[in-house]
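Both ligands and their constituent atoms are indexed starting at 1 by order of listing.
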Amino acid sequence: MQALGIDIGGSGIKGAIVDVNTGELISERLRIATPTPSTPAAVSEAVVDLVAQLNWQGPIGCGFPAIIDSGVARSAANIDPSWVDINVAEVLQEATGQPCLVVNDADAAGVAEMRFGSGQGRTGSVIVVTIGTGLGSAFFIDGRLFPNTELGHLRLKNGVAERYASGAVRKNEDLSWKVWSKRLNKFFAQVERLFSPELIIIGGGVSRRHEKFFPFLDIQAELLPAKLRNQAGIIGAACLSAEQAD
Ligand code: BGC
């Protein structure tokens, strides 16, 4: 079975058609810059554009950077605040005319990593952290997702962790890998103190460059880079939407 996976992020909206049995992309991966402001109307337009470019009809799975409660956004840190309390699934379904499932973006990426990536076959406690514009997280126990964890919003340095240690902060403040890693260490120290996961998987675009910063990380748990890199969100969202459509 196939489904269209879309990853709505703070800086880009990416999409591709996915073979949900193998987790492989079977179309090119398209990217549209996230519109500013990223209002429901503007984001819907970008999603419609992606669907048209890929000439897609069928289930659509969307990862969205917010707490998602049965399709409804309950937060908005890296997306326009006008999304809060909006049924994202309904908005996108209406705009595209296709059935849409919406989940948190990091949860979608985590699901893909557990099925086809670095977490494949892993039991026990696993935390997937996606590093990008924000810091996203997905918790798994024996492969089952505990949704809507928001580790990027742990308190750190008088603010939230993602404003101190995200990938965007590294770029914007022009931090060296070493200095940025020190910040990540403070974040992961809190995560480990609270949750003691057996395995931590680091995803997001920066996981491609893991050899630059993994040597500086001081983490007790087993640590792995995401295998599916920043395609994980697309793949996971597509898989979940295909299951719902089934
Ligand atoms: C949001 C999360 C999201 C993460 C990564 C955070 O700001 O609160 O829901 O998963 O960014 O996009």
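Within the 4.5 Å cutoff, the side chain of Val72 has no heavy atoms near those of the Val88 side chain.
The contact set between ligand 1 and His153, taken as ligand atoms under 4.0 Å from a residue heavy atom, comprises 1 (C), 6 (C), 7 (O), 8 (O). Residue-ligand proximity, Glu162 to ligand 1, at heavy-atom distances under 4.0 Å covers atoms 6 (C), 7 (O), 11 (O). Short contacts between ligand 1 and Ala66, defined as distances under 4.0 Å to a heavy atom of the residue, involve ligand atoms 9 (O). In the vicinity of Gly136, heavy-atom distances shorter than 4.0 Å reach the ligand 1 atoms 4 (C), 5 (C), 10 (O). Ligand-side atoms of ligand 1 in range of Asn104: 2 (C), 3 (C), 9 (O), 10 (O), range being under 4.0 angstrom from any heavy atom.
The residue from Val51, Leu50, Val18 that alone fulfils the side-chain contact (heavy atoms from CB on, under 4.5 Å) condition with Leu4 is Val51.
Of the heavy atoms in Pro65, both backbone and side-chain atoms come closer than 4.0 Å to ligand 1.
The shortest N or O to N or O distance between Glu150 and ligand 1 is below 3.5 Å. Between Ser75 and ligand 1, a contact under 3.5 Å exists for no N or O pair. In terms of polar-atom proximity, Ser137 is not counted as a contact of ligand 1, lacking any N or O under 3.5 Å from an N or O of the ligand.
Side-chain N or O atoms of Ser118 include one that pairs as donor or acceptor with a backbone N or O of Lys227 at under 3.5 Å.
With hydrogens left out, the protein atom closest to atom 3 (C) of ligand 1 is Asp105 OD1, 3.2 Å, a heavy atom.
For the pair Arg74 and Trp83, the NZ or CZ position fails the cation-pi test of under 6.0 Å to the six-membered ring centre and within 45 degrees of the ring normal.
Between Glu243 and Arg115 there is a salt bridge, with a side-chain nitrogen of the basic residue lying less than 4.0 Å from a carboxylate oxygen of the acidic one. A salt bridge links Arg183 and Glu173; the closest N-O separation between the charged side-chain nitrogens and carboxylate oxygens is under 4.0 Å.
Residue-environment remark: CD (Glu222) exceeds the threshold of 12 foreign heavy atoms within 6.0 Å.
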Practice task
Could you walk me through whether Thr39 and Ser82 pass the side-chain hydrogen bond (donor to acceptor under 3.5 Å, both in side chains) test, one step at a time?
Solution key: CA-CA 6 Å; Thr39 56; Ser82 58; 5.8 Å; no
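Within the structure, ligand 1 has Leu135 among the residues with a heavy atom less than 4.0 angstrom away. Under a 4.0 angstrom heavy-atom cut-off, Gly152 registers as lying outside contact with ligand 1.
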